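All heavy atoms count here, side chains included; hydrogens, waters and symmetry mates do not. Order of the sequence lines fixes the chain letters, A, B, ..., with proteins taken first and strands second; residue numbering starts at 1 for each chain. Computed from a prediction, not measured in an experiment: that's the story for all the values here.
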Amino acid sequence: MKFHSQAVAKPYFVVALVLFFGQVLFGLIMGMQYIDGDFLFPQIPFNVARMVHTNLLIVWLLFGFMGASYYLVPEESGTELYSPRLARVTFWTFTVAGVATILGYLLLPYAELARLTQNELLPTMGREFLEQPTIIKIGIVAVCLSFVFNIGMTVLRGRKTVITMILMTGLVGLAVFFLFAFYNPSVLTVDKFFWWWVVHLWVEGVWELILAAILSFVLIKVTGVDREVVEKWLYVIVAIALISGLIGMGHHYFWIGPGEYWLWLGSLFSALEPLPFFMIVMFAFKMVKQSRHQYHNRAARTWALGTAVMAFLGAGIWGFLHTLAPVNYYTHGSQITAAHGHLAFFGAYAMIVLAIISYAMPIMRGRPHGNPPSAQRWEIAGFWLMTLSMVGIALALTVAGAWQIALQRLPKAGEALGFIATQEKIIPVYWAREILGALFFLGLVCYLISFFVGRSKQTVGTESLAKSRLPQIAALPALESK
Amino acid sequence: MADHLTKGMARNIYYGGSFTFLLLLFGLSFHTLRELPERDYRETMTEAVATGKEVWENNDCIGCHSLMGEGAYYAPELANVFDRRGGGDERAFRGFLQGWMSVQPLAAPARRKMPQFNLTAEEIDALAAFLIWTSRINDNNWPPNIEG
Ligand code: HEM
Ligand code: HEM
């Protein structure tokens with residue numbers, strides 16, 4: 001670690017992983033409820049489990065992005081963080097607000113939560129992903145502002161690199177587009193129109209900038225490749241991401257009221273959205289091939305390459321699968337959407353957070369050259385189990401979606417099965433999803449175990465130093481500081 | 001291509017390109033917002049429709065159901081439930097919804113469950129108004145059939 005203040009990232013990463021664990025547990029609960037409607041009913045109705053699942057996801061990813069920024073921005077800028085104290089205050093505010101929200105969902109009927117938090121003053125609740133009480137949303141804005149301010153001041157104070165500039169645009173965009181969560185007009189079509197300004201402009205817009213910036217940072221560190229090589233491509237990738245993604249939002253405007261020209265615009269522009277994801281794959285493998293040093297944290301490199309590949313698979317391939325209007329007409333709001341949502345969220349955003357944790361956490365724990373091999377074995381086992389299970393989950397949900405469409409949507413009215421009758425036919429596939437989900441959970445457990453394996457002071461560095469790899473190791477910090 | 005493109009050019013494409021397309025998005029959005037009232041029949045929106053939307057949100061119906069294909073995929077699409085369960089007849093649908101909401105949860109074992117929300121008759125009527133209005137929005141003919 002080059003700067004003391006980078007260490008504020010540590011609690012962010014720890015909480016991110018705890019919330020991730022909770023998210024997956026609630027995923028498994030819902031997976032059971034898909035099969036047996038009486039499972040945990042009425043103690044945890046499906047909608048409550050879903051809120052907890054998706055809100056935990058978003059919050060742990062935000063914790064991850066914040067931790068990543070607090071870690072990498074001082075190092076990139078070559079200066080201490082502007083205010084480590086503010087970062088700690090923000091951390092506690094966000095943690096308390098997050099935990100309170102989840103407890104509120106679980107302990108109170110939702111309508112009661114809305115009443116207690118005076119939703120009628122500024123109604124923002126009850127919309128997918130934006131279920132948080134208004135007061136919590138205001139808290140999220142405060143947390144984001146303090147975070148962006150802290151990071152921004154650090155960037156201003158130090159060296160401005162391409163990575164920090166792109167990260168900054170991404171973070172400012174994240175904060176700005178979240179403001180649309182407060183706009184909830186009583187006209188449903190307008191509400192839906194701007195709901196996507198949070199959801200789409202996040203995951204298919206500014207978050208891609210955050211992803212590209214963090215991934216570049218990790219790749220530079222694990223390969224030692226010169227940043228000059230990285231920078232130009234980074235600009236090109238994020239440029240294409242935004243140029244295709246902004247109007248690509250039209251693929252969400254097909255069937256919710258807006259006019260017919262969105263069928264063309266949305267299909268055309270969103271068909272280009274896989275391109276930047278493809279370029280990320282090319283660029284990641286190229287960098288690893290050109291590695292300038294033998295890096296001992298194999299796990300971090302595995303996560304970085306995995307992110308590139310899985311983001312392309314989930315967002316690029318599975319996104320393209322249903323993005324053209326004539327296809328989306330049949331797949332819209334089916335299990336195909338869920339298949340894509342899972343693979344893309346995991347492949348792009350969960351994995352990039354796990355990648356930076358894999359790189360930074362050992363360093364913050366006093367293991368500058370990565371975890372001991374025994375710990376890395378657990379971590380890499382976790383990587384494969386989670387990654388392959390998630391691919392399996394996406395395949396299962398794709399089969400479920402295709403089956404659903406065949407039974408319920410393709411036949412003419414009268415011959416088509418109803419929604420619930422269709423779902424009951426698909427139950428075998430939902431069993432497969434649930435079993436794969438259990439494997440995913442097992443992978444997560446392996447991954448978490450890796451943090452507790454290997455004696456705390458025994459690191460790759462010390463182990464291999466003993467094996468007389470001295471010159472290489474000594475060269476590392478010099479390369480890393482590039 | 002790589003050699004002709006300098007870092008400065010790449011940066012300009014990023015800032016310039018993004019900004020241009022953001023402006024284009026603003027323009028298109030402006031046009032869409034002006035066109036929307038004709039497509040959602042805004043003039044037929046009553047007080048009850050707005051109240052219905054509040055009841056819808058305060059009870060997180062979207063956490064199980066989809067509405068115009070967005071939301072959750074656990075329970076039936078509801079943007080066309082007026083046509084499916086009310087046959088396009090407003091009185092029939094209002095009656096259906098009062099009955100439906102009052103009998104939840106159904107006793108069928110292992111079937112997916114909808115909770116009891118204990119809504120008042122007026123709240124349910126507002127929900128009905130909201131769902132009826134929603135069913136008439138011009139949504140380019142989605143879904144493919146009445147099953148949603
Ligand atoms: C990492 C990036 C991405 C993530 C995390 C992501 C995630 C999601 C999620 C969660 C949904 C469901 C939204 C809802 O609940 O209504 C969704 C919908 C959709 N996504 Fe993505 N997505 C990404 C990139 C893409 C890309 C690149 C494309 C196109 C090539 C795409 C195409 C679509 C389409 C067409 C839908 C609408 C599905 C429907 O009609 O039901 N996505 N995405
Ligand atoms: C491993 C076990 C998991 C299971 C069994 C599971 C199950 C589910 C279920 C049943 C839903 C609700 C679908 C519906 O609305 O009907 C859901 C939603 C969702 N889950 Fe998971 N999940 C798991 C893990 C994950 C992971 C690891 C991620 C991402 C990192 C994730 C991201 C999401 C997202 C983004 C949605 C919303 C999808 C949409 O709106 O289209 N889930 N999950």
Check: Do other residues, nucleotides or ligands put more than 12 heavy atoms under 6.0 Å from A:Y261 OH?
Finding: yes

Note to self: Using only non-hydrogen atoms and a strict under-4.5 angstrom cutoff, which residues of residues 49-59 of chain B touch chain A?
What the structure shows: B:A50, B:K53, B:E57, B:N58, B:N59

Item checked: A:E228 versus chain B, the contacting section by heavy-atom distance below 4.5 Å -> side chain

Check: What part of A:F41 is in contact with chain B, defined as an atom under 4.5 angstrom from a non-hydrogen atom: side chain, backbone, both or neither?
Finding: side chain

Next item on the list: Look at the aromatic rings of B:Y74 and A:F46 and report parallel, tilted or perpendicular, splitting at 30° and 60°.
Entry: parallel

Next item on the list: With a 4.5 angstrom heavy-atom cut-off, could you sort out which part of A:Y430 is near chain B: side chain, backbone, both or neither?
Entry: side chain

Next item on the list: Go through the atoms of A:M30 and report whether side chain, backbone, both or neither lie under 4.5 Å from a heavy atom of chain B.
Entry: neither

Checklist line | Under 4.5 Å from a heavy atom of chain B, the part of A:L209 involved | finding: side chain

Note to self: Is A:D36 close to chain B through its backbone or its side chain, or both, or neither, when contacts mean heavy atoms under 4.5 Å?
What the structure shows: both

Check: Heavy-atom distance under 4.5 Å to chain B: side chain of A:Y329, backbone, both or neither?
Finding: both

Notebook entry, point to check: Of the backbone (N, CA, C, O) and the side chain (C-beta and beyond), which part of A:L188 lies under 4.5 Å from a heavy atom of chain B, both, or neither?
Noted result: both

Next item on the list: For chain A, find its close neighbours in residues 95-107 of chain B: heavy-atom separation under 4.5 Å, sorted by number, or none.
Entry: B:P105

Checklist line | Residues of residues 75-89 of chain B contacting chain A, heavy-atom criterion under 4.5 Å, by residue number | finding: B:A75, B:P76

Next item on the list: Could you tell me which portion of B:M114 (side chain, backbone, both or neither) has an atom closer than 4.5 angstrom to a non-hydrogen atom of chain A?
Entry: backbone

Item checked: Side chain, backbone, both or neither of A:E131 within contact of chain B (heavy atoms, under 4.5 Å) -> side chain

Notebook entry, point to check: Tell me, side chain or backbone of A:Q335 under 4.5 Å from chain B's heavy atoms, or both, or neither?
Noted result: side chain

Notebook entry, point to check: A:R50: what forms a salt bridge (charged side-chain N to carboxylate O under 4.0 Å, His left out) with it, not counting sequence neighbours?
Noted result: A:E128

Check: Where on A:T54 is there a heavy atom nearer than 4.5 Å to chain B: the side chain, the backbone, both, or neither?
Finding: neither

Margin query: So if I apply the side-chain contact (heavy atoms from CB on, under 4.5 Å) rule between A:T189 and each of B:I137, B:N138, B:D139, which one comes out positive?
Written below: B:I137

Next item on the list: Please state whether the side chain, the backbone, both or neither of B:H65 comes within less than 4.5 Å of a heavy atom of chain A.
Entry: neither

Check: Does B:E147 pair with A:R409 as a salt bridge, N-O distance under 4.0 Å?
Finding: no

Notebook entry, point to check: What is the ring orientation for A:W197 with B:F26, classed by angle as parallel under 30°, tilted 30 to 60°, or perpendicular over 60°?
Noted result: parallel

Notebook entry, point to check: Which bit of A:A114 is near chain B, if near means a heavy-atom gap under 4.5 Å: side chain, backbone, both or neither?
Noted result: side chain

Next item on the list: Taking atom CD of B:E47 as the centre, report whether more than 12 heavy atoms of other residues, nucleotides or ligands fall under 6.0 Å from it.
Entry: no

